[in-house]
Amino acid sequence: MRLSNRNKASVYNSLSTLLLMIAAFGITVFAANEYRFHAMDKESYLLIIIPVLLLIVFYISGRQIFEYDSDGEALNFKNRNVIPFLNKPLHDEFPKYKLIKYDVVSIFFFKRLYITVSSKNNGSTILKYQISYLSNKEVNDLKLSLNKVVKANKEKKDKTDDDRRIFA
């Protein structure tokens, strides 16, 4: 299964630009009010606070673009920001049999995907992805696909455990 919200990159880029423009406009109006017009009192601080809070929420929500591919024998995850220099993009690819479990954590409008993968060195590794910008349908499709992989791995593990008991 393939899942991607890459086609929404232009929307997120436009939203980011719009928020930056609103913040710049708010700062300009605030400065003009403070030093020249004196039209507003304490309300003028809202011209800076509200756009800056919106920008902070937009960027704290995480990387906007998420891509997932489970076709073939490997799982492929990509997570990147629409602004290239803001965060380093994440890219992980590993065989399906290494997937142990996953967890989707949703707090307010923040969503995170935690993938537990078996590794040779320290038993397991947890990979973290930001999926706040996926729709609920996309998150449900992702869960369905990961459930299939986890279930297949569990059945395969149970079968090999049973075979070991028989031959032991």
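- Formation of a donor-acceptor pair under 3.5 Å by the N153 side chain with backbone atoms of K98 is not found in this model.
- Although no hydrogens or angles enter the test, the distance criterion places a donor-acceptor pair under 3.5 Å between the side chain of Q130 and the main chain of R63.
- Taking CD from Q64 and CZ from R6, the interatomic distance works out to 15.0 Å, rounded to the nearest 0.5 Å.
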Q: For side-chain contact (heavy atoms from CB on, under 4.5 Å), just list the numbers for I115 and V117, CA-CA rounded to whole Å, side-chain angles, deciding distance to a tenth of an Å, and then say yes or no.
A: CA-CA 6 Å; I115 302 285; V117 179; 3.6 Å; yes

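- Contact of the L144 side chain with the L142 side chain is not registered, since no non-hydrogen atoms from C-beta on lie closer than 4.5 Å.
- Under the 3.5 Å distance criterion, with hydrogens and angles disregarded, no donor-acceptor pair is assigned to the side chains of Y97 and S118.
- The backbone N or O of S61 sits less than 3.5 Å from a side-chain atom of S132, completing a donor-acceptor pair.
- Listed by chain and number, the residues in a side-chain hydrogen bond (donor to acceptor under 3.5 Å, both in side chains) with K120 amount to none (sequence neighbours excluded).
- Ring centroids of F30 and Y45 are separated by less than 6.0 Å, placing the two rings close together.
- Side-chain contact between I22 and L54 is absent, with no heavy-atom pair separated by less than 4.5 Å.
- Between R80 and E67 there is a side-chain heavy-atom pair separated by less than 4.5 Å.
- Taking all atoms of both residues into account, the shortest heavy-atom contact from R2 to D71 is NE-OD2, 3.1 Å.
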What donor-acceptor contacts under 3.5 angstrom involve side-chain atoms of residues 81-95, with partners at least two apart or in another chain?
| unit_1 | atom_1 | unit_2 | atom_2 | d |
| --- | --- | --- | --- | --- |
| N81 | OD1 | I83 | N | 3.4 |
| D92 | OD2 | Y129 | OH | 2.5 |

Q: I would like to know whether L99 and V150 meet side-chain contact (heavy atoms from CB on, under 4.5 Å); could you show each step before the answer?
A: CA-CA 7 Å; L99 179 65; V150 169; 3.7 Å; yes

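- The backbone N or O of V29 sits nowhere less than 3.5 Å from a side-chain atom of N33 that would complete a donor-acceptor pair.
- When atom types are taken as modelled, the side chain of E138 and the backbone of S135 share a donor-acceptor pair closer than 3.5 angstrom.
- Without hydrogens or angle criteria, S14 side chain to S10 main chain gives a donor-acceptor distance under 3.5 Å.
- Both I49 and V52 are assigned to one and the same hydrophobic cluster, defined by single-linkage of ILVMFWY side chains at heavy-atom distances under 4.5 Å.
- Side-chain contact check for K111 versus N136: some heavy-atom pair is nearer than 4.5 Å.
- A distance of 10.5 Å separates CG of N79 from CZ of F77, quoted to the nearest 0.5 Å.
- For T17 (side chain) and N13 (main-chain N/O), a donor-acceptor pair under 3.5 Å exists by modelled atom type.
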Q | K8 and Y12: CA distance, side-chain angles, deciding distance, side-chain contact (heavy atoms from CB on, under 4.5 Å) verdict | A | CA-CA 6 Å; K8 297 177 187 173; Y12 299 136; 3.5 Å; yes

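- Between Y133 and F66, the distance separating the two ring centers is not shorter than 6.0 angstrom.
- Following chains of ILVMFWY side-chain contacts shorter than 4.5 Å, one can reach L134 starting from L127, so the two form part of one hydrophobic cluster.
- Summarising the local packing, CE of M1 is surrounded by more than 12 heavy atoms from other residues, nucleotides or ligands at distances under 6.0 Å.
- In this structure, the side chain of K128 does not engage the main chain of L113 through any donor-acceptor pair within 3.5 Å.
- Clustering ILVMFWY residues whenever any of their side-chain heavy atoms sit less than 4.5 angstrom apart, transitively, puts L18 in a cluster other than the one holding I56.
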(Q) Show, in sequence, the C-alpha distance, side-chain angles and deciding distance for S145 and Y68, and conclude whether the side chain to side chain donor-acceptor pair (under 3.5 Å) test is met. (A) CA-CA 10 Å; S145 177; Y68 165 75; 2.7 Å; yes

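- In the displayed structure, I126 atom CD1 is contacted under 6.0 Å by at most 12 heavy atoms of other residues, nucleotides or ligands.
- Few gaps surround CZ on F110; more than 12 heavy atoms of other groups in view lie less than 6.0 Å from it.
- Both I60 and Y114 are members of a single hydrophobic cluster when ILVMFWY side chains are connected at heavy-atom separations under 4.5 Å.
- Linking Ile, Leu, Val, Met, Phe, Trp and Tyr residues whenever their side-chain heavy atoms come within less than 4.5 Å places L53 and F108 in a single cluster.
- A distance of 5.0 Å separates CG in L55 from CG in L19, rounded to the nearest 0.5 Å.
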Q: Test side-chain contact (heavy atoms from CB on, under 4.5 Å) on N147 and Y102 and set out the steps.
A: CA-CA 8 Å; N147 273 336; Y102 76 94; 2.9 Å; yes

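- Here K154 does not pair with D158 in a salt bridge; the nearest charged N to carboxylate O distance is not below 4.0 Å.
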Q: Decide salt bridge (Lys or Arg N to Asp or Glu O under 4.0 Å) for K96 and E73; before the verdict, give the C-alpha distance in whole Å, the side-chain angles of both, and the deciding distance to 0.1 Å.
A: CA-CA 6 Å; K96 286 183 179 180; E73 292 298 316; over 6 Å; no

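- Note: S4 OG to I65 CD1 = 7.0 Å, rounded to the nearest 0.5 Å.
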